[in-house]
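Values below: every heavy atom of this structure, side chains too, minus hydrogens, waters and symmetry copies. Since this is a predicted model, take the numbers as computed values, not measurements. FYI, the numbering just counts along the sequence from 1.
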Amino acid sequence: MEERIERWARDVNTDAHTPDLWAELQRERDIPTEAHYEDVENTLFNADERKEIAVLLRQIKGALRDSNSVSDAQMRSLEARFDNLEAAAGRVDRKDWLLLFAGTILAVVVTDLLPREALWDILGMVSHGLEHLVRLLPPLPPALDGLSSI
């Protein structure tokens, strides 16, 4: 009996301290007014910015590789897609790169190359790492910011 009460107390504590992600997403549905696709200057990334993108994409690949959440074949495909994103940063404008990035992320989620749990981590890494370069990404809801499921 005592063991069941302790388990119940742990469950209550866990529930009380777990953010309600659905409620947070509901509150943060609207894209903030400061993130307008049309308002962003659509220029090429400079050399330093391309280096920042490359570093971030390599960090994402490393986090995925270290997580053991994807198979070797999935990892090779993910690496090739992120390598393409890195190369594209040297030849396409910001808006086009962001669209390419979004399409790549959507494709790897839909085709189950990327675990859905890792999606928020990747978006958080990009949002924090590149927000000064591509101000098109809305900030993550506070309850989702900093999740670490990769």
Side-chain angles (χ1 to χ4, degrees), residues 10-11 13-150:
R10 279 193 308 273
D11 290 346
N13 187 42
T14 299
D15 287 345
H17 292 95
T18 300
D20 184 349
L21 300 180
W22 290 114
E24 193 65 37
L25 281 174
Q26 186 66 28
R27 281 192 298 275
E28 300 290 336
R29 280 179 19 185
D30 298 326
I31 295 176
T33 56
E34 67 267 11
H36 290 288
Y37 186 79
E38 298 83 20
D39 295 339
V40 172
E41 189 176 338
N42 195 25
T43 58
L44 290 172
F45 294 110
N46 66 38
D48 290 337
E49 293 169 333
R50 289 192 306 272
K51 285 178 189 173
E52 287 182 59
I53 290 169
V55 166
L56 181 68
L57 292 173
R58 289 179 193 139
Q59 288 173 344
I60 291 170
K61 289 188 294 188
L64 286 168
R65 193 177 310 106
D66 293 345
S67 74
N68 295 318
S69 61
V70 295
S71 69
D72 289 342
Q74 288 172 312
M75 192 65 225
R76 283 190 298 276
S77 181
L78 287 167
E79 286 176 334
R81 290 171 187 249
F82 286 122
D83 290 346
N84 287 338
L85 284 172
E86 183 179 336
R91 66 178 184 274
V92 300
D93 297 332
R94 293 166 198 275
K95 290 181 181 181
D96 295 329
W97 187 86
L98 182 64
L99 290 173
L100 182 61
F101 172 81
T104 299
I105 293 299
L106 178 62
V108 297
V109 169
V110 168
T111 59
D112 282 334
L113 283 176
L114 178 68
R116 286 173 179 83
E117 312 85 55
L119 175 62
W120 287 114
D121 287 333
I122 288 173
L123 292 178
M125 291 172 78
V126 170
S127 178
H128 288 300
L130 299 181
E131 74 178 327
H132 61 289
L133 301 181
V134 184
R135 288 182 173 80
L136 301 175
L137 299 173
L140 287 179
L144 298 175
D145 194 14
L147 292 179
S148 59
S149 59
I150 293 185

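For the pair Trp97/Leu85, a side-chain contact is recorded, criterion being any heavy-atom separation below 4.5 Å from C-beta on. The shortest distance between side-chain heavy atoms of Leu64 and Met75 falls below 4.5 Å. For the pair Leu78 and Arg65, the minimum side-chain heavy-atom distance is 4.5 Å or more.
Listed here is the closest heavy atom pair of Phe82 and Ile60: CZ-CG2, 3.9 Å. For the pair Arg94 and Thr43, the tightest heavy-atom approach, listed with the atom from each and the gap, is NE-OG1, 2.8 Å.
Proximity of a side-chain donor or acceptor of Arg50 to a complementary backbone N or O of Ala89 within less than 3.5 Å is not detected. With Asn46 contributing its side chain and Asp48 its backbone, the two residues share a donor-acceptor pair below 3.5 Å.
Here CG of Leu57 is found 14.0 Å from CZ of Arg81. Values are rounded to the nearest 0.5 Å. Once rounded to the nearest 0.5 Å, the distance linking CZ of Arg58 with CG of Asp83 reads 8.0 Å.
The only option from Leu98, Leu99, Leu44 that meets the side-chain contact (heavy atoms from CB on, under 4.5 Å) definition with Asp93 turns out to be Leu44.
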